[in-house]
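We number each residue from 1, following the sequence as shown.
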Amino acid sequence: MSAFTTGIYRNVFKEIGKSQKEVTEKIQNAANVFFYGNEEERIYHPAGEDMGYLEDTGNHDVRTEGMSYGMMLCVQLGWKEEFDRIWKWSKTYMYLEDGENEGYFAWSCRTTGEKNAWGPAPDGEEYYAMALFFASHRWGDGEGIFHYSREARNILRACLHKGEGGRAGQPMWNRENKQILFVPGCPFTDPSYHLPHFYELFALWADEEDREFWEQAADVSRKYLAKACHPVTGMSPEYGEFDGTPMGGREPREGDRHDLFYSDAYRTAANIGLDCLWFGKDAGHYNAPLRLMRFLETDLEAARCVYEVDGTPVDRTVLHPAGLLAATAQGALTVAALQEEMADKAGDSDRDVAKRWVEWFWNQPLRKGVRRYYDNCLYLFALLALSGNYRIY
């Protein structure tokens, strides 16, 4: 039964023998370091009296990815002040008031608020919308930009209807095949952007005229993920064709490959795990994280290497090893309960493999250094998901 139906969220850490006290302390400590640690640890920075931002520490900018992630983390943690600060910074500096991308958010800004780009990244919009709906249900709607549910519906309306009725721009979803796009109007997708567990909820809370679309998009994304994840390795590419194959010759930057199992792609296993926890609607994609765990665990040092999706190594170093470990471990949510008494003792069972990954993640500290931003975002999400604290509100 899914958490959406029962309201019950698995605590996988408890299943492998951790106490509730240990789990609670680990979450609190990690969140405090992430938001309020020293300058070598923190990601979040208050700005003025009522705003704040999350810095991509490797690129020294502010991205809609991180800002929307920060809002999701805050609504899960119950941190309303930080949520509102991040949202106000987003609306003040990142929101695009006019032009081709009016209604979207500039994907990158300087920490001072000046825009580095005038186009959006759709993963930011879908996380903004979901976090805002949860905030509405957890804290109630306020006024102005803090009327959370209205803001969420406005974002989703732009995502689907840009370019209609004289409104400039292009949508973030292909209206014909119902797949999310890498950027508005482009002819390919990003497997890690596919969040069917979000679309199920958009189908309940978005504008009534769009609810059928979101219901169909959830089904489409699950089937897409089943095709995009390799049948042996479970790996997905960073960018993909609509048929699930790695993106071919259309590269956004000359000489830069995105058909590999690399940074963006690590999130796919985590997303599949959360979809399994929340809704449990398997379209053949729920086995992909286990295939990935089995492939990578032959030697954890292999997780320092970049791969073709079929497992062929590429002479390139992983940029976010802690994020890869965390996101893969979150994929353990697709495996049945990991208690010792429930494990299959005959051979190396699925539960054994999943348990080892969760243990490895439990023993992994937050990443330090300039590249800590992306890794530690994925780390906190995995910590919440595996402890039963990444919930539907």
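- With sequence neighbours left out, the side chain to side chain donor-acceptor pair (under 3.5 Å) criterion links Asp243 to Thr245.
- The side chain to side chain donor-acceptor pair (under 3.5 Å) search around Tyr286 returns Asp275, not counting sequence neighbours.
- Here Lys178 pairs with nothing under the salt bridge (charged side-chain N to carboxylate O under 4.0 Å, His left out) rule; sequence neighbours left out.
- Contact check on Glu39 versus Arg42 returns a salt bridge, with a Lys/Arg side-chain nitrogen under 4.0 Å from an Asp/Glu carboxylate oxygen.
- Between Asn29 and Asn32, the side chains place no donor N or O within less than 3.5 Å of an acceptor N or O (distance only, hydrogens not considered).
- With 3.5 Å as the limit, one finds no donor-acceptor pair spanning the side chains of His197 and Glu200.
- The closest side-chain donor-acceptor pair between Arg291 and Asn287 falls under 3.5 angstrom.
- The environment of CD in Glu114 is crowded: more than 12 heavy-atom neighbours from other residues, nucleotides or ligands sit within 6.0 Å.
- Thr111 places none of its side-chain heavy atoms less than 4.5 Å from the side chain of His60.
- If you chain together hydrophobic residues whose side chains sit under 4.5 Å apart, Leu384 and Trp360 fall into the same group.
- Pairing each heavy atom of Ala329 with each of Phe361, the nearest pair is CB-CB, 3.6 Å.
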Which is it for Asp219 and Lys223 under the salt bridge (Lys or Arg N to Asp or Glu O under 4.0 Å) test, yes or no, and what are the steps along the way? CA-CA 6 Å; Asp219 181 62; Lys223 292 175 180 176; 3.2 Å; yes
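- In terms of hydrophobic clustering, with Ile, Leu, Val, Met, Phe, Trp and Tyr side chains grouped at heavy-atom distances under 4.5 Å, Val75 and Leu378 are assigned to a common cluster.
- For Thr24 and Gln20, the side-chain atoms include at least one donor-acceptor pair closer than 3.5 Å.
- Salt bridge present: Lys91 and Glu151 bring a charged side-chain N and a carboxylate O closer than 4.0 Å.
- Shown here are the ring pair (Phe, Tyr, Trp, His ring centres under 6.0 Å) partners of Phe105, two or more places apart in sequence or in another chain: Trp87, Tyr95, Tyr128.
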Kindly determine whether Glu359 and Lys18 satisfy salt bridge (Lys or Arg N to Asp or Glu O under 4.0 Å), including the steps that lead there. CA-CA 10 Å; Glu359 287 277 10; Lys18 310 303 178 187; 3.4 Å; yes
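- In this structure Trp139 satisfies the ring pair (Phe, Tyr, Trp, His ring centres under 6.0 Å) test together with Phe83, sequence neighbours excluded.
- Thr312 places no side-chain N or O within donor-acceptor distance of the main-chain N or O of Glu308, the cut-off being under 3.5 Å.
- A salt bridge between Arg372 and Glu55 is absent, with no side-chain N of the basic residue lying under 4.0 Å from a carboxylate O of the acidic one.
- Applying the side chain to side chain donor-acceptor pair (under 3.5 Å) rule to pairs touching residues 68-79 yields Tyr69-Arg267, sequence neighbours excluded.
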Worked verdict on Tyr127 versus Phe198 for ring-ring contact (aromatic ring centres under 6.0 Å, His included): CA-CA 9 Å; Tyr127 267 89; Phe198 282 16; 5.0 Å; yes
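- For Asn177, there are no side chain to side chain donor-acceptor pair (under 3.5 Å) partners two or more places apart in sequence or in a different chain.
- With sequence neighbours excluded, the residues that form a salt bridge (charged side-chain N to carboxylate O under 4.0 Å, His left out) with Arg167 are Glu102.
- Ser221 contributes no side-chain N or O that, together with a main-chain N or O of Ala218, makes up a donor-acceptor pair within less than 3.5 Å.
- Tyr307 and Phe295 have perpendicular rings, their planes meeting at more than 60° on a 0 to 90° scale where under 30° would count as parallel.
- More than 12 non-hydrogen atoms from other residues, nucleotides or ligands lie less than 6.0 angstrom from CD of Glu209.
- Under the 6.0 Å cut-off for aromatic ring centres, His194 and Tyr224 qualify, their centroids lying closer than that.
- Look at Arg10 and Glu15 and you find a salt bridge, because one of the NZ, NE, NH1 or NH2 atoms lies within 4.0 Å of a carboxylate O, short of that distance.
- Asp50 pairs by the salt bridge (charged side-chain N to carboxylate O under 4.0 Å, His left out) definition with Lys88, not counting sequence neighbours.
- Counted by atom type alone, His320 and Asp375 present one or more donor-acceptor pairs between their side chains at under 3.5 Å.
- Relative to the six-membered ring of Phe202, Arg211 misses at least one condition, a distance below 6.0 Å or an angle of at most 45° to the axis.
- Counted within 6.0 Å of CD on Gln364, heavy atoms from surrounding residues, nucleotides or ligands total more than 12; the atom is thus considered enclosed.
- Under the rule for a side chain to side chain donor-acceptor pair (under 3.5 Å), the partners of Ser108 that lie at least two apart in sequence or sit in another chain are Asp61, Asn116.
- A donor-acceptor contact shorter than 3.5 Å links the side chain of Thr57 to the backbone of Val370.
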Report the C-alpha distance between Asn11 and Ser387 in whole Å, list the side-chain angles of each, state the deciding distance to 0.1 Å, and finish with yes or no for side chain to side chain donor-acceptor pair (under 3.5 Å). CA-CA 4 Å; Asn11 184 340; Ser387 65; 5.7 Å; no
Apply the test ring-ring contact (aromatic ring centres under 6.0 Å, His included) to residues Phe4 and Trp278: give CA-CA distance (whole Å), side-chain angles for both, the deciding distance (0.1 Å), then the verdict. CA-CA 5 Å; Phe4 177 77; Trp278 283 7; 9.3 Å; no
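- Relative orientation of the Trp214 and Tyr199 rings is tilted, given thresholds of 30° and 60° on the angle between their planes.
- Atom NZ of Lys14 is surrounded by 12 or fewer heavy atoms from other residues, nucleotides or ligands within 6.0 Å.
- A salt bridge links Glu25 with Lys21; the closest basic N to acidic carboxylate O contact falls under 4.0 Å.
- Ring to ring, Phe261 and Tyr266 are close: their centroids are under 6.0 angstrom apart.
- Looking only at distances, no side-chain donor or acceptor of Tyr374 sits under 3.5 Å from a matching main-chain atom of Gly66.
- Here Ala30 pairs with Leu366, Tyr379, Leu380, Leu383 under the side chain to side chain contact (heavy atoms under 4.5 Å, CB included) rule; sequence neighbours left out.
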Salt bridge (Lys or Arg N to Asp or Glu O under 4.0 Å) assessment of Arg153 paired with Asp210: CA-CA 10 Å; Arg153 288 192 298 272; Asp210 295 328; over 6 Å; no
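- Annotation for Lys26: atom NZ counts as buried by contact number, over 12 foreign heavy atoms lying within 6.0 Å.
- The six-membered or imidazole ring of Tyr36 lies near that of Tyr44, with a centre-to-centre distance under 6.0 Å.
- Hydrophobic clustering, defined by side-chain heavy atoms of Ile, Leu, Val, Met, Phe, Trp and Tyr closer than 4.5 Å, groups Leu181 together with Phe242.
- At a cut-off of 3.5 Å, with distance as the only test, no side-chain donor of Asn271 or Thr268 sits close to an acceptor on the other residue.
- Each of Tyr53, Trp89, Phe34 was scored for a ring-ring contact (aromatic ring centres under 6.0 Å, His included) with His45, with one residue passing: Tyr53.
- Note: Phe182 and Tyr193 have parallel aromatic rings, judged against thresholds of 30 and 60 degrees for the angle between ring planes.
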